Participant: 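The structure is given below, and queries will be raised subsequently.
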Amino acid sequence: MKRGIHPASWTYDNIDYMRDQLKAMGLSYDWDREIATCNPKYYRWEQLIFLQMLEKGLVYRKETTVNWCDDCKTVLAREQVIDGACWRCDQQVIPKTMHGWFFKITDYTEELLQDLDKLTGWPEKVVTMQRNWIGKSQGLACDFQVEDAKEKVTIFTTRPDTIFGVTFMSLAVEHPLIDQLIKGREQENKVRSFIEKTLIEKQRASADQEPEKHGVFTGSYCINPFNGERVPIYVANFVLMEYGTGAVMAVPAHDQRDFEFAVKYKLPIRPVVQPQGTELSATAMETASEEPGTLIDSGDFTGMASAEAKIRIIERAEAKEFGKAHITYRLRDWGISRQRYWGAPIPIIYCEKCGIQPVPEDQLPVVLPGADSPDGAHVPLHKQEDFYTTTCPKCGDCARRETDTMDTFVESSWYFARYTSPRNEQAPLDKKAAAYWLSVDQYIGGVEHAILHLLYSRFFTRVLRDLGYLEIDEPFTNLLTQGMVIKDGAKMSKSKGNVVDPSELIEKYGADTTRLFSLFAAPPERDLEWNAQGVDGSSRFLNRVYRLIHQHLDCFNENTASDFSSLDTRNNQLYRKTHQTIARVTDSIEKNFHFNTAISAVMELINQISALSGDDPKNAIESAVIREALETTVLLLFPMVPHFCAEMWQLTGHDTVLDHMPWPEVNTEAAREEEITIVIQVNGKVRSRIQAVADIDNQQIEKMALADERTNQFLQGKSPKKLLW
RNA sequence: GCCCGGAUGGCGGAACUGGUAGACGCAAGGGACUUAAAAUCCCUCGGCACUUGCGGCUGUGCGAGUUCGAUUCUCGCUCCGGGCACCA
């Protein structure tokens with residue numbers, strides 16, 4: 001819309017451009033399975049899934065304060081807000097109250113957390129990030145009776161062992177109990193104006209700056225159920241309504257925030273957990289002591305270690321029925337409503353009489369207007385009467401469609417499954433095909449998706465499983481997180497649009513050189529500052545291979561028997577190098593996709609071939625050996641530079657198709673060095689090198705070492721220790 | 001603040017479980033071929049210095065430690081990148 005082009009044509013143009021480019025690079029995708037998630041043929045099934053989720057209670061609508069990006073005119077999920085700014089356009093987000101649809105990802109929290117352990121093919125880093133994002137904390141939920149009232153304040157704490165150190169109570173400004181607490185009290189006005197002020201502050205709060213802690217006394221007290229003490233109730237700006245219960249028992253001696261608050265408002269500080277080796281005193285403390293330790297001044301629990309006290313205190317609370325063990329998670333439900341013009345419509349109808357009605361399945365898909373006419377109006381959906389006017393599926397009266405669309409992350413949460421039956425007209429997925437193909441053996445994506453896309457996909461996989469479409473729990477068995485490509489200091493990404501277009505390189509050097517160059521530049525998981533310097537090297541290398549093959553074309557005509565058992569030294573050297581190269585390339589690729597080292601191994605082989613097959617015809621290498629070396633080169637390079645290799649394969653007289661050739665096999669026997677260099681260290685310093693046969697034993701080495709002139713020079717006495725490696 | 005990574009020549013990057021640091025490539029310099037250029041080939045290329053020898057010392061962010069021996073292991077820092085962040 002920014003560009004004044006209809007998003008449909010813009011998107012499809014982009015897809016065409018991308019497809020051409022991928023083809024130009026020679027990437028072997030199965031284009032028969034291509035899908036476009038913006039096509040109604042795809043999102044109609046997404047709408048069906050939405051309805052099935054709704055039926056299962058996995059979708060609900062509620063009013064919340066959302067993160068609003070005024071630039072994109074849309075709501076963002078919490079995961080999509082980065083440093084207080086929109087992940088897509090970098091605009092500051094602002095809070096806004098509105099209705100929205102939510103996916104109940106929290107129903108799967110524990111499973112999503114537990115199963116992280118199963119993801120052994122994922123980088124530890126991503127697993128950790130997801131674990132932190134889910135943010136499980138265990139502790140105690142405990143009721144504090146409000147004095148002279150029937151209400152209770154329920155708090156959540158992960159430090160029940162500090163409960164005897166409570167000296168006040170802090171409530172979030174949004175806490176529903178506040179009204180009751182202040183009604184008719186002298187503090188009422190003060191509290192109200194504080195709340196008002198804080199709410200405004202929160203709106204403006206910039207994400208990088210933690211505002212100073214403020215609070216105000218409500219005039220009410222509650223009772224600490226463990227020691228019966230009166231605890232003043234405050235309202236504080238740093239307590240979050242969204243986390244835990246929106247109420248915090250304040251233990252200034254053992255919580256830094258409470259400490260700062262207590263100092264500011266001159267509230268008592270009472271240490272109740274003594275860390276080992278120190279003696280805390282309320283007056284001397286300059287910061288809170290958050291370490292575990294031994295309990296003091298804690299009634300029956302005095303003398304216990306923190307860890308045990310936590311358990312016992314929870315037990316006591318449960319026994320006396322004023323509290324219980326409780327687990328809280330940071331993860332919250334996934335708000336999917338977006339106010340985009342371009343997105344999959346949420347299949348819901350609002351009827352004044354019947355309320356919220358799902359669109360009947362036989363009326364799917366709910367199609368975006370203008371998708372068929374690219375010149376259609378760029379008007380937001382909620383202003384397009386043609387779109388939103390409909391009839392209620394229940395009573396038939398006039399009704400209004402939902403005009404929100406789904407977060408585009410919904411599309412990407414299951415596309416990989418749709419690939420298994422991309423043209424299925426009967427259902428979102430073909431269960432058999434999905435069972436055959438999934439999970440995805442190897443998934444590749446940028447680290448930037450570590451939380452968003454990968455968490456949503458894990459969630460969706462479970463939803464689809466529970467809806468009966470899939471039999472798997474986890475979508476991606478092995479994950480490779482690519483590093484980001486940095487261009488001019490900024491990360492290159494699809495959404496930012498500063499992507500380097502390889503077509504220039506392709507035009508100048510061809511697809512193969514471009515591929516080889518980008519693979520050779522760095523291992524895939526590493527960030528890479530884009531720099532086309534060095535592409536000449538790749539080009540030179542391929543030319544070298546080409547010339548070398550031409551030079552030795554006759555080797556491919558002679559049908560010499562390949563007897564490698566009695567080769568002379570030079571021949572054997574190349575034969576060995578060939579097999580060592582197979583081993584190295586295979587290993588590099590299979591282990592961690594380190595194409596850069598695979599390529600350098602082949603380069604070494606090529607260097608060796610040209611060195612050995614040099615000018616002197618008397619020293620010529622046997623045809624069979626050269627042939628094997630060159631054939632191997634072509635086979636090994638094939639995945640990286642397919643067009644070139646296919647041509648070389650033909651050129652060298654093969655009538656087989658290279659695609660169908662098996663990967664070369666290592667002759668481990670041949671790859672073994674028969675002569676090795678033994679490094680002699682004296683006092684840990686390299687002093688000499690001697691050549692020896694590979695299966696030399698330690699005694700012989702010792703003998704040789706002692707006979708070695710240079711070694712003796714440095715010994716000057718005797719050799720006290722010999723260590724072998 | 002907390003949790004992860006990372007730091008190796010002028011540059012991109014190698015080095016499997018502690019054992020030849022700098023593979024492979026780029027850039028640079030010198031040379032050969034050429035009328036000339038391109039292409040190609042050969043040589044040099046971490047630093048230092050009394051380099052008379054194909055040798056010496058030093059060197060993998062900094063400082064300690066373990067070890068005969070550390071880019072690799074341990075501890076303490078510095079810097080850079082990423083994630084989380086008033087989460088009770």
Side-chain angles (χ1 to χ4, degrees), chain A residues 82-83 123-133 135-137 139-140 155-160 162 170 172 205 207-213 236-240 242-251 254-258 260-261 290 328-332 447-448 450-451 481 483-484 486 491 516-517 520-523 525-538 540-541 543-544 547 583-584 587-588 591 594 596-607 610 614-615 677-689 710 713 719-725:
Chain A
I82 294 147
D83 289 336
E124 193 48 46
K125 182 185 173 175
V126 175
V127 173
T128 308
M129 280 167 72
Q130 293 218 350
R131 185 170 288 123
N132 291 342
W133 189 262
K136 179 177 183 171
S137 345
L140 166 71
I155 56 96
F156 172 71
T157 180
T158 54
R159 292 295 303 272
T162 64
S170 315
D208 39 74
Q209 199 67 48
E210 231 172 65
E212 205 188 324
K213 289 164 185 52
N237 66 341
F238 63 89
V239 180
L240 305 174
E242 315 85 77
Y243 184 82
T245 56
V248 184
M249 65 175 210
V251 186
H254 303 292
D255 181 285
Q256 187 56 29
R257 292 158 307 188
D258 297 340
E260 286 168 32
F261 194 86
E290 298 186 340
T328 345
Y329 300 91
R330 228 183 66 100
L331 182 72
R332 283 184 247 140
V447 231
E448 68 270 24
I451 301 173
T481 46
M484 285 176 290
I486 314 289
K491 59 179 149 187
L516 186 72
F517 169 61
F520 185 58
E525 70 279 6
R526 193 112 117 192
D527 286 352
L528 179 71
E529 170 73 43
W530 181 256
N531 181 355
Q533 265 198 359
V535 66
D536 284 320
S538 298
R540 269 201 285 266
F541 171 69
N543 279 324
R544 254 184 111 196
R547 268 183 281 118
R584 278 179 60 188
D587 196 53
S588 291
K591 214 167 77 194
H594 279 195
N596 59 328
T597 51
I599 293 166
S600 48
V602 180
M603 284 174 168
E604 280 184 45
L605 175 62
I606 288 298
N607 288 346
S610 27
D615 12 274
T677 308
I678 293 172
V679 175
I680 301 178
Q681 298 181 357
V682 180
N683 282 332
K685 288 189 176 169
V686 180
R687 291 309 186 184
S688 184
R689 285 143 215 210
R710 289 197 35 77
Q713 235 173 43
S719 47
K721 284 173 205 166
K722 288 250 156 36
L723 287 130
L724 308 155
W725 45 282

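It should be emphasised that the depicted structure is a prediction, and the values quoted were computed from it without experimental measurement. Residue numbers start from 1 in every chain, and the chains themselves are labelled A, B, ... in the order their sequence lines are given, proteins ahead of strands.
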Participant: Counting only Watson-Crick or G-U wobble pairs whose two distances fall under 3.5 Å, which nucleotide matches B/rA39?
Facilitator: none

Participant: Write down the distance between CG (A/Asp587) and P (B/rA14), rounded to a whole number of angstrom.
Facilitator: 14 Å

Participant: What nucleotide, of B/rU40, B/rC86, B/rA88, holds the atom closest to the side chain of A/Asn237?
Facilitator: B/rC86

Participant: Let's test this: given Watson-Crick or G-U wobble pairing with both distances under 3.5 Å, identify the partner of B/rA27.
Facilitator: none

Participant: A/Asn596 has a side chain; which of B/rA14, B/rC84, B/rC86 sits nearest to it?
Facilitator: B/rA14

Participant: In whole angstrom, give the distance that lies between atom CD1 of A/Ile155 and atom P of B/rA88.
Facilitator: 12 Å

Participant: Kindly say whether the aromatic ring centers of A/Phe541 and A/Phe520 come within a distance under 6.0 Å.
Facilitator: no

Participant: Measure CD/A/Glu242 against P/B/rA88 and give the value in whole Å, please.
Facilitator: 14 Å

Participant: Check this one for me: any side-chain N or O of A/Arg257 less than 4.0 Å away from OP1 or OP2 of B/rA88?
Facilitator: no

Participant: Do A/Asp258 and A/Phe238 have side chains that get closer than 4.5 Å, going by heavy atoms?
Facilitator: yes

Participant: Under 4.0 Å between a side-chain N or O of A/Arg330 and OP1 or OP2 of B/rA85?
Facilitator: yes

Participant: Looking at the side chain of A/Arg544, which of B/rC41, B/rA88, B/rG82 is the nearest nucleotide?
Facilitator: B/rC41

Participant: Are A/Val239 and A/Arg257 close enough, and set up right, to give a side chain to side chain contact (heavy atoms under 4.5 Å, CB included), and what steps lead you there?
Facilitator: CA-CA 10 Å; A/Val239 180; A/Arg257 292 158 307 188; over 6 Å; no

Participant: Which whole number of Å gives the distance between the C1' atom of B/rC33 and that of B/rC43?
Facilitator: 15 Å

Participant: Find the partner of B/rG55: check Watson-Crick (N1-N3 plus N6-O4 or O6-N4) and G-U wobble (N1-O2, O6-N3) distances, both under 3.5 Å, and reply none if neither fits.
Facilitator: none

Participant: Sort out the partner of B/rC84 for me: Watson-Crick or G-U wobble, both distances under 3.5 Å, none otherwise.
Facilitator: B/rG1

Participant: In whole angstrom, what separates A/Met129's CE from B/rG81's C1'?
Facilitator: 12 Å

Participant: Taking the minimum atom-to-atom distance to the side chain of A/Met603, which one of B/rG25, B/rC26, B/rG13 wins?
Facilitator: B/rG25

Participant: Quick one: do A/Asn607 and A/Arg544 satisfy side chain to side chain contact (heavy atoms under 4.5 Å, CB included)? Show the steps, please.
Facilitator: CA-CA 9 Å; A/Asn607 288 346; A/Arg544 254 184 111 196; 2.6 Å; yes

Participant: How long is the gap from OG1 on A/Thr158 to NZ on A/Lys136, to the nearest 0.5 Å?
Facilitator: 14.0 Å

Participant: Over how many whole Å does the gap from A/Gln256 atom CD to B/rC87 atom C1' extend?
Facilitator: 16 Å

Participant: Which nucleotide sits closest to the side chain of A/Gln533: B/rC4, B/rC26, B/rC24?
Facilitator: B/rC26

Participant: Can you find a side chain N or O atom of A/Thr158 that sits less than 4.0 Å from OP1 or OP2 on B/rC87?
Facilitator: no

Participant: Less than 4.5 Å apart, any side-chain heavy atom of A/Val248 and any of A/Ile155?
Facilitator: no

Participant: Tell me which nucleotide among B/rG25, B/rC87, B/rA14 gets nearest to the side chain of A/Phe520.
Facilitator: B/rG25

Participant: In whole Å, I'd like the distance from the NE2 atom of A/His594 to the P atom of B/rG12.
Facilitator: 17 Å

Participant: Considering only side-chain heavy atoms of A/Ile451, which listed nucleotide, B/rG13, B/rC87, B/rC84, is closest?
Facilitator: B/rC84

Participant: Starting at the 5' end of RNA chain B, which residue's closest nucleotide do you reach first, A/Thr597 or A/Asp536?
Facilitator: A/Thr597

Participant: Sticking with atom P, work out how far B/rA21 lies from B/rC57, rounded to a whole angstrom.
Facilitator: 12 Å

Participant: Given the P atoms of B/rG12 and B/rU66, what is the spacing between them in whole Å?
Facilitator: 35 Å

Participant: If you pin A/Asn132 and A/Val535 to their nearest nucleotides in RNA chain B, which one's is more 5'?
Facilitator: A/Asn132

Participant: Just by modelled atom types, is the A/Glu290 backbone N or O under 3.5 Å from a matching donor or acceptor in the A/Arg159 side chain?
Facilitator: yes

Participant: Could you tell me how far B/rA14 sits from B/rA23 if I compare only their C1' atoms? Round to whole Å.
Facilitator: 5 Å

Participant: With a 4.0 Å cut-off on heavy atoms, is A/Gly537 in touch with a base, just the backbone sugar-phosphate, or nothing at all?
Facilitator: sugar-phosphate

Participant: Using a 90° cut-off around 0 for syn, call B/rG55 syn or anti.
Facilitator: anti

Participant: Taking B/rG69 as the reference, what is the distance to B/rU20 when you measure between their C1' atoms (whole Å, please)?
Facilitator: 12 Å

Participant: Compare every heavy atom of A/Leu528 with every heavy atom of A/Ala521, then report the nearest pair and how far apart it is.
Facilitator: CB-CD2, 4.0 Å

Participant: Is any side-chain N or O of A/Asn531 closer than 4.0 Å to OP1 or OP2 of B/rC26?
Facilitator: no

Participant: Among the nucleotides B/rA88, B/rC26, B/rA14, which one has an atom lying closest to any side-chain atom of A/Val239?
Facilitator: B/rA88

Participant: Base, sugar-phosphate, or nothing for A/Asp258, non-hydrogen atoms under 4.0 angstrom?
Facilitator: nothing

Participant: Would you mind telling me which of B/rU40, B/rC87, B/rG13 lies closest to the side-chain atoms of A/Leu240?
Facilitator: B/rC87

Participant: Round to a whole Å and report the spacing from CZ of A/Arg584 to P of B/rA14.
Facilitator: 12 Å

Participant: Among the candidates B/rG83, B/rA23, B/rC86, find the nucleotide nearest to the side-chain atoms of A/Lys213.
Facilitator: B/rC86

Participant: Suppose we define a pair by two distances each less than 3.5 Å, Watson-Crick or G-U wobble; what does B/rG13 pair with here?
Facilitator: none

Participant: Please state the P separation for the pair B/rG65 and B/rA70 - nearest whole angstrom.
Facilitator: 12 Å

Participant: With rounding to the closest Å, how many angstrom separate the C1' atoms on B/rA37 and B/rC54?
Facilitator: 38 Å

Participant: With C1' as the reference atom in both, quote the distance from B/rG46 to B/rC42 in angstrom, rounded to an integer.
Facilitator: 23 Å

Participant: Measure the distance from CD1 on A/Ile599 to C1' on B/rG12 and round it to the nearest whole Å.
Facilitator: 13 Å

Participant: I'd like to know whether A/Glu242 forms a side chain to side chain contact (heavy atoms under 4.5 Å, CB included) with A/Arg330, so could you lay out the CA-CA distance, the side-chain angles of the two residues, the decisive distance to 0.1 Å, and finally the verdict.
Facilitator: CA-CA 9 Å; A/Glu242 315 85 77; A/Arg330 228 183 66 100; over 6 Å; no

Participant: Reckon A/Arg131 has a side-chain N or O less than 4.0 Å from the OP1 or OP2 of B/rG83?
Facilitator: no

Participant: Taking any strand in view, what nucleotide pairs with B/rC75 in a Watson-Crick or G-U wobble way, both distances under 3.5 Å?
Facilitator: B/rG63

